[in-house]
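Have a look at the structure below, then the notes.
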Protein chains: 2
Amino acid sequence: MLPAQPNQSLIDGLEVLLGAVDAAEPVGVRELARRLGLETTRTQRLLGTLAHLGLLHRTDNGRYGPGTGLHVLAAAATAANGLLAKALPELDRLQRATKMTVALGSLWRDRVVYLAVFAKDRDPLTAVGASRSYPIQRSSIGVLLLGWQEPGYAAAHGIAPALETQGASARRRGWSLIDQPTEQTRSLAVPIGDPPRLAIGLSGSFSDARIADLRDQATAVAARLASQDIP
Amino acid sequence: MLPAQPNQSLIDGLEVLLGAVDAAEPVGVRELARRLGLETTRTQRLLGTLAHLGLLHRTDNGRYGPGTGLHVLAAAATAANGLLAKALPELDRLQRATKMTVALGSLWRDRVVYLAVFAKDRDPLTAVGASRSYPIQRSSIGVLLLGWQEPGYAAAHGIAPALETQGASARRRGWSLIDQPTEQTRSLAVPIGDPPRLAIGLSGSFSDARIADLRDQATAVAARLASQDIP
DNA sequence: CAGCACTGTGGCTTTTATAGCAACAGGCGG
DNA sequence: CCGCCTGTTGCTATAAAAGCCACAGTGCTG
């Protein structure tokens, strides 16, 4: 729901911000402008402004990567709604109970971003911020959340219509399942809240007989998180 | 270091974003405009744009609070530089070794923002995002990091000159100490990186004789984090 | 119930901030 | 040294943004 007069500079500035943050390495002005299809000078000014604000960090060789101000912003957000403080212990328990890899993720464009990932044999304190984003088509979380996006979302972000259909199907069912035959793993996801902007995913090797139990356990966690007014 | 032509809309939009996130409750347009000294319609358009992007969440009664997109942005940033995945286990160990409350914090305006706080008898998984920001003058982290701000920072943010002096002194010493006599606790902080944008703080009851040991332990952790190229 | 004081939002016009083009300086490799 | 890339800036035209006003809605009080 855009306001009648949106602020296009803000929109573009935040697009530049995410483009720089999402890059695997600190990125140069011209390279980022090419990737985003923006004019170079404009990109440079937006990057410079963001760096001045501390949201990006300018390296000695003139490239831009995430800055401390982003963490500050995130900390303020997380403190305001208590999302992680509530979710992390729950997800850790779910991982221990199911022995699956447990993830909390959200959809951004055509990718899934992981807020936290709990895995067997991995320190739970490394769950936050250790996983890079992932193409949507390989993610039960992504496919599921796609089901709630407004019409045109898929087309606008280069997502195949077949995935959109899968998303709609998952929405009707209320959960999603993705098989990865080459890796002999599968993953299922359940939504948090309504409309859901976050989802819990479980992945590993599990039989068809176990699906309902895993789904129900994850759904119970999702319900507890949703009932705490998490956006 | 501002670019020659900074983008003022981006600056103001991000100011509005932080103003909304920093509020204790979802905040209305006019109230936020009053707090920030901005014109109402402008504020409303910026808020609406941010809500459309998912960075803010618009409640049913027309107020704005943090949205899921902020967490997505934070997750991308954290994944890009691995800050939390590296810092959290280290800080947890430091808390167990010292029996102090251990915090990772940064400076924003005249306040300290806590990225993580580890305390005795508290689940480490609740360390992230469970603490609200704090006035700078009561925080060893804040005073310490103030020492590295550019001239005019204190004046621009309504921080007393005495605190600025304290900050400069802490910078020269390389760490800071704050006593809270009414609570019979004290806290000390050491910087991470150079110039530091983050700091580790230890707080609790400890004697003068123990200061050097605590400081050295925290300094060792800070050095390990700084050596991993964290901004 | 009516009035009042607040609220969020949009339309229209003016203003000014922004965008784009061209230029410059620097770095790197052949 | 030259060519090709880089990040950055100045200047001017333009279009995006800002501000004012109005409207509809909500909640509280008498």
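Numbers restart at 1 for each chain; the letters A, B, ... are given by sequence-line order, proteins then strands.
No donor-acceptor pair closer than 3.5 Å links the side chain of A:Gln180 to the backbone N or O of A:Glu183. Between the side chain of B:Ser176 and the backbone N or O of B:Ser140 there is at least one donor-acceptor pair closer than 3.5 Å. Using a distance-only test at 3.5 Å, with no hydrogens or angles considered, a donor-acceptor pair links the side chain of B:Tyr153 to the main chain of B:Arg109. Side-chain atoms of B:Gln5 never come within 3.5 Å of backbone atoms of A:Arg45 as a donor-acceptor pair (strictly under, hydrogens ignored).
In this structure, A:Val27 and A:Ala20 approach most closely via the heavy-atom pair CG1-CA, 4.0 Å. For the pair A:Leu70 and A:Pro66, the tightest heavy-atom approach, listed with the atom from each and the gap, is CD1-CB, 4.4 Å.
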(request) Give the B/S/- string for nucleotides 21-30 of chain C, one per nucleotide from 5' to 3', where a protein heavy atom under 4.0 Å of the base yields B, of only the sugar-phosphate yields S, and otherwise -. (result) BB--------
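Mapping B:Arg42 and A:Val29 onto DNA chain D via the closest heavy atom, the residue that lands nearer the 5' end is A:Val29.
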(message) Evaluate B:Arg197 against A:His57 for side-chain contact (heavy atoms from CB on, under 4.5 Å), listing each step before the verdict.
(response) CA-CA 11 Å; B:Arg197 298 193 193 85; A:His57 169 61; 3.8 Å; yes
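Whole-Å rounding puts the B:Leu2 CG to C:dT18 P distance at 12 Å. Protein atom CG of A:Leu36 is 14 Å distant from nucleotide atom P of C:dA19, rounded to whole Å. Regarding B:Asn7, its CG atom lies at a distance of 8 Å from the C1' atom of C:dA17, rounded to whole Å. Going from atom CG of B:Asp60 over to atom P of C:dT9 covers 12 Å, rounded to whole Å. Residue B:Arg35 contributes atom CZ, which lies 15 Å from atom C1' of C:dT7 at whole-angstrom precision. Taking atom CZ of A:Arg34 as the reference point, atom C1' of D:dT6 lies 10 Å away to the nearest angstrom. Atom C1' of nucleotide D:dC23 and atom CD of B:Gln44 are separated by 13 Å, given to the nearest angstrom.
Of the residues A:Val143, A:Leu144, A:Leu145, the one that meets the side-chain contact (heavy atoms from CB on, under 4.5 Å) test with A:Ile141 is A:Leu145.
Residues from residues 8-18 of chain B placing a heavy atom under 4.0 Å of any atom in DNA chain C, listed by number, are B:Gln8, B:Ser9.
Looking at heavy-atom distances under 4.0 Å, A:Glu31 makes no contact with the nucleic acid at all. Within the 4.0 angstrom heavy-atom criterion, no nucleotide atom of any strand lies near A:Asn61. Within 4.0 Å of B:Arg58, counting heavy atoms only, lie sugar-phosphate atoms of the nucleic acid but no base atom.
Note on B:Tyr64: every side-chain N or O is 4.0 Å or more away from OP1 and OP2 of C:dT7.
A:Trp108 does not carry A:Arg111 over the face of its six-membered ring by the limits of under 6.0 Å from the centre and within 45° of the normal.
A:Gln5 contributes a side-chain N or O that forms a donor-acceptor pair with the base of D:dA18 under 3.5 Å.
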